[in-house]
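Here's the structure we're looking at; comments come further down.
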Amino acid sequence: MPDLGRRSSVRACKPILAGFVLGAILSLQGVHAARSDSVQAARYHEDALARLARNDVPGAIIQARNAVQQDKSLLAAHLLLGKALLRDGQAAAAEAEFELALNLGASMTELAQPYGTALMMFGNSEKLLARIKPDGLGASARAEVLAMRAAAHADQGNMKAAWLAIDEGKVADPRSLAPLRAEIDLALRTRDTPRARKALDAAVAMAPRDAQLLHLQGVLNQGAGKVAAALDFFAQALKVDPRLLDAMVARASLLIDLQRPDEAMPDLERAAALSLREPRVAYLKSLVFAARGDARSSRAQLEEVTRLVDALPETFIARQPPLLMLGALASQATGRLERARALLELYVLRMPDDPAGRKLLAGIYLSAGETARVADLLDPLLRSGDADPQVLTTLAALRMQQRRYRDAAEALERAARLTGGDPGITAQMGFARLAGLQGDLGLAALRTAFDKEPGQFKVAAALATLYLRRNDVPNATAVAEALVRRLPADAAAHNLLGAVKAAAQRPAEARSAYLKALALQPGLMPARLNLARLDEAEGRLAEARQRLATLLKEAPDNGQVLTEMARLENHAGRPAVALPLLEKVQARMPGDVASGLELLEAHRRLGQPGAALALAKELVRVRPDDPVVLESLGRAHMAAGEGVQARAAFASLARMAGPDPGNLVAIGQLQLSAGAANDAGASAEKALAAKPGYLPAQVLQVEAEILAGNLPRAEVLQRQLAARGAGGADALRLAGDLAMARQLAGEAARHYQAAFDKAPSTALALRCFNAAFQAGEGARGVALLEAWLRRQPEALAVQAALAEGYLRLGRLGPARNAYEALLAREPQNATATNNLAQVLMRLNDPGALAMAEKAARLAPTDANALDTLGWLQARSGALALGLKTLREARLRAPDSREVRYHLAWVLHRSGKRDEARDELAAVFRSQGDFESQAEAQTLRRELGV
């Protein structure tokens, strides 16, 4: 029994024992598996450590993640993963790993530095101050934490607490570099260079071969202008630590500033390989590409900067001044002005004492027309003495926008002094002086700038233009030639030289310069247009037209080419051809001044004063402050017979002219032409107040007194001018004008001849001609014009006057030849066409009527053309048609005795004797002679008037 019992007992226990054994086996398997996972995690961790040491950051992250996946409690793996993520720029992920490590029991001594760095990367200064405290830490860790807290306090704007934390850090561990580094950073941010230098010296004494400190020594030397020393320190830093990104970036930046961009690129390439998310590197690479002329690559890098900056949280960017500045610069360069503006506003808020941000933001505000904001930004700099050249040039741009041109010039003058006469700033000052109507000062400033830097094309072009306006051909030529010597391969420079040579009446040299420009740049539009103008000036109209036609095929809608073609057609006497070309330009570019002025000329030539006036009014509406447009309005009013309105326009022009004596005299001449004697005299007085003894103003003053009828006063002024010997030919010419005003034509002719002998000109030749005819010496006047035309065959006004002289002398054959020669040059000249019709009528040429009809077509509202046509129609037997035409002429010129005689004759022949008597009575109520006086007397006897 007992044996049975034992057996039974043993059998009964078998399942229990089996279960126990199975459990033990399973338990041992679990322990083995846990040990296996832990071993594998440890292997991953060791591999991650090795990879991070080799700077294989992506590989380190992967292996560290594998380690924590194998063993979530492996504290070292979490800490390592956080550090790798931090090095990769993934601050948020790193922060999460560090907080896991803290929860797993990691010491703040180990975590303080990387955890604090992660927090500050995203601007989490509040969290850093709340979570990372120095209490209970050892001396070294305490100093590290206090340095980070100093940066966080500064980030919060609490500089007092920041400096206090730095001082506490120095006390906590006098051998720690962390508080000194923080002090250097804060001192540089607050522009306290002496304090930064002192802290750096203390740090270097402790660690003379520390790479970061060597880099900072380079930064301070660069700021002090010690370029060679800066480069040496950057090189030393990189020798100690070849992977020090800050030193690579600093050296590359300095090399770019030194115009050595290609030397900068190796540092930038290495830096880019070390960090894929570094906007500083992308920005500097954009500058290198720009220096190489690779605009596409430069823009790509700038867009990369904006992408990197925009990818960061706004709360972080807002507390990182360097990132704000980089993002703003890149955004501005890529046309994202609103983004640049937003970033710069944050930058100025964070760095109110940094002039750079204020200047950049002021420029953006200026471009947006927000002048009040510009002034707000610049005023603190001006008051503090930080008004460097950039501040002053920005202020000048503001004043220019406000039309305070003299204030702008004064700011630029200060900037020029600060820069030792920088030619670019001096040139800007010159343009400001010109805008402020200080012509002589502006010209002098531009010349000073050009002489210092003869390669400034814009300055050279302005100078050449100004000199040519003053008839100073030698100086204009000298400037253009100096530009070409400085820029021998620049097509635009050769084109400018050609334009100056053309203005100096040296067509062969001008053509050579234009052809050189086109050899350098075959498609250069200005040079091609200038060659067409030169062809036209030399009478080669077919060649000019062909050049322009070729340009129009290439660019059928180019306003400049269309305008030039129209100008050619106007000059060729084909305003009807020019008209649609110019209307096309105006339709595409309403208010365009160049085409508008040429269109006004077409209207004038076509005898369309109403259309010209309407266009001039429209141009003034679009460009109310343009003096050229306002002058055109005045001329259009004059052409339309609206003297009062013309005088008003010229008075407005005089108010715009300011004190510039040259402008005032030119406007005074316009006022004279409009019959505004008093206004012209006032302009002369203003010019003399601005520049006493200015000869053109003195001449204008005499002319104004003559026009006003103040002959005694005019004579006194003229004699004073002659006595000083300053007037020369002008004084003699004015004596002639006085004699003409007193109806002493013979005396006037002698004065004019003397003036002409002293300084021959077309204007004086015409005065001699007119005085000679009035003195009864028409043949002498014609002989003088014949001689002058041989010297100046291009003088069309002389050609027209000579033809009229032949006609008045009854020399019908020469008159016919002269008018036909004139019309060969100007086929659409309505006056010449009408006069030729009269010559043909007197020659009994059957072509007279057709010529008169052409004149009336060219100038359908001109009374003289209608009179000639009506007279020819009536004389040819078409009394009714002639009567209709002459009635139209009489309505347009009721004071013309010639027209009214012709109308009276036709009325008499048409059986309308009473009406004929009325018209003829009006003819004889006026005093003086007229061409058909003898015939009119015969009709008077017939009608019994």
What residues, two or more places apart in sequence or in another chain, satisfy side chain to side chain donor-acceptor pair (under 3.5 Å) together with R791?
-> none

Side chain to side chain contact (heavy atoms under 4.5 Å, CB included) partner of H494, the single match among V484, L483, L518 = V484

Could you tell me whether the side chain of L552 reaches within less than 4.5 Å of the side chain of L562, counting heavy atoms only?
-> yes

Which residues pass the side chain to side chain donor-acceptor pair (under 3.5 Å) test with R567, sequence neighbours left out?
-> E536, E564

Sequence-distant partners of N495, side chain to side chain contact (heavy atoms under 4.5 Å, CB included), two or more places apart | Y514, A517, L524, P526, A527, N530

Return yes if some donor-acceptor pair links the side-chain N/O of S286 with the main-chain N/O of S298 below 3.5 Å, else return no.
-> no

Who passes salt bridge (charged side-chain N to carboxylate O under 4.0 Å, His left out) against R447, sequence neighbours left out?
-> D451

Could you give me the CA-CA distance, side-chain angles and deciding distance for H637 and L633, then say whether side chain to side chain contact (heavy atoms under 4.5 Å, CB included) is met?
-> CA-CA 6 Å; H637 279 304; L633 177 64; 3.6 Å; yes

Identify, with sequence neighbours excluded, every residue that meets salt bridge (charged side-chain N to carboxylate O under 4.0 Å, His left out) alongside D490.
-> none

Is any side-chain N of the basic residue among E303 and R307 closer than 4.0 Å to the acidic one's carboxylate O?
-> no

Looking at residues at least two apart in the chain, or sitting in another chain, which of them share a side chain to side chain donor-acceptor pair (under 3.5 Å) with R857?
-> none

Contacts of R485 that satisfy salt bridge (charged side-chain N to carboxylate O under 4.0 Å, His left out) - sequence neighbours left out | none

Spacing of L287 atom CG and L255 atom CG [to the nearest 0.5 Å] | 12.5 Å

Close side-chain approach of R486 and F457, heavy atoms under 4.5 Å | no

How many angstroms lie between atom CG of D262 and atom CZ of R292, to the nearest 0.5 angstrom?
-> 4.5 Å

Side-chain ion pair, E481 and K501, N-O less than 4.0 Å | yes

From M565 CE over to L548 CG, what is the distance, rounded to the nearest 0.5 angstrom?
-> 4.5 Å

Would you mind reporting whether L531 and E543 have side-chain heavy atoms less than 4.5 Å apart?
-> no

Is a side-chain donor or acceptor of S673 paired with a backbone partner of L670 at a separation under 3.5 angstrom?
-> yes

Any side-chain heavy atom of V593 within less than 4.5 Å of one from L619?
-> no

Check side chain to side chain contact (heavy atoms under 4.5 Å, CB included) between L254 and all other residues, then give those that pass, not counting sequence neighbours.
-> Q222, V227, A230, L231, F234, L258

Note, L581 side chain near E598 side chain (heavy atom, < 4.5 Å) | no

Qualifying residues under side chain to side chain contact (heavy atoms under 4.5 Å, CB included), relative to T831, sequence neighbours excluded = N829, N835

Identify, with sequence neighbours excluded, every residue that meets side chain to side chain donor-acceptor pair (under 3.5 Å) alongside S595.
-> Q586, D592

Cationic N near anionic O, under 4.0 Å, D535 to R511 = yes

Can you name the salt bridge (charged side-chain N to carboxylate O under 4.0 Å, His left out) partners of E820, sequence neighbours left out?
-> R816

Residues in side chain to side chain contact (heavy atoms under 4.5 Å, CB included) with E554, at least two apart?
-> R528, T550, L551

pair L308-V305: side-chain heavy atoms closer than 4.5 Å = no

Does the H603 side chain pair with the main chain of L579, one donor and one acceptor, at a distance under 3.5 Å?
-> no

